[in-house]
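Counting from 1, the numbers follow the sequence of the chain as shown.
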Amino acid sequence: MPEGLTRRDAEILAFERQWWKYAGAKEQAVRELFDLSPTRYYQLLNALIDTPAALAHDPMLVKRLRRMRSSRQRARSARRLGVQP
């Protein structure tokens, strides 16, 4: 186990790396694999990708997830302000 990551943290990162391989919806796979609601899973994931340990463990994945999160945040802000992206 990489330093600073729990077993669940490492499993979440592994799942994010290949979640599309699971049959059905991602949310259903999250419920089955982690016994978490999708909302709680994304809360944990967002906190996890901000940690140095996650970045050290899988830099490409963490940077991609951070970029995707930033893009979604910008789109939400633009919608709130009535700005077309």
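- Residue pairs that meet the salt bridge (Lys or Arg N to Asp or Glu O under 4.0 Å) test with at least one member in residues 44-56, sequence neighbours left out, are D50-R69.
- Residues passing the side-chain contact (heavy atoms from CB on, under 4.5 Å) test with R76, sequence neighbours excluded: R72, Q73, R79, R80.
- Residues L5 and L13 form a side-chain contact, since some pair of their non-hydrogen atoms from C-beta on lies under 4.5 Å apart.
- The minimum heavy-atom distance between I12 and L48, with the atom names listed, is CG2-CD2, 4.0 Å.
- Listed by chain and number, the residues in a side-chain hydrogen bond (donor to acceptor under 3.5 Å, both in side chains) with E32 are Q28 (sequence neighbours excluded).
- Here the CG atom belonging to L45 is positioned 10.0 Å from the CZ atom belonging to F15, to the nearest 0.5 angstrom.
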Side chains of residues 58-66: which donor-acceptor pairs under 3.5 Å do they make with residues two or more places apart or in other chains?
from, atom 1, to, atom 2, distance (Å)
D58, OD1, L61, N, 3.3
D58, OD2, R17, NH1, 2.2
R66, NE, I49, O, 2.7
R66, NH2, I49, O, 2.8

key: Evaluation steps, side-chain contact (heavy atoms from CB on, under 4.5 Å), between R31 and Y41   = CA-CA 9 Å; R31 283 188 181 92; Y41 172 81; over 6 Å; no
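- For E27, there are no salt bridge (charged side-chain N to carboxylate O under 4.0 Å, His left out) partners at least two apart in sequence or on another chain.
- At least one side-chain heavy atom of L44 sits less than 4.5 Å from a side-chain heavy atom of R8.
- Remark: R74 pairs with no residue by the salt bridge (charged side-chain N to carboxylate O under 4.0 Å, His left out) rule, at least two apart or across chains.
- The ring-ring contact (aromatic ring centres under 6.0 Å, His included) search around Y42 returns none, not counting sequence neighbours.
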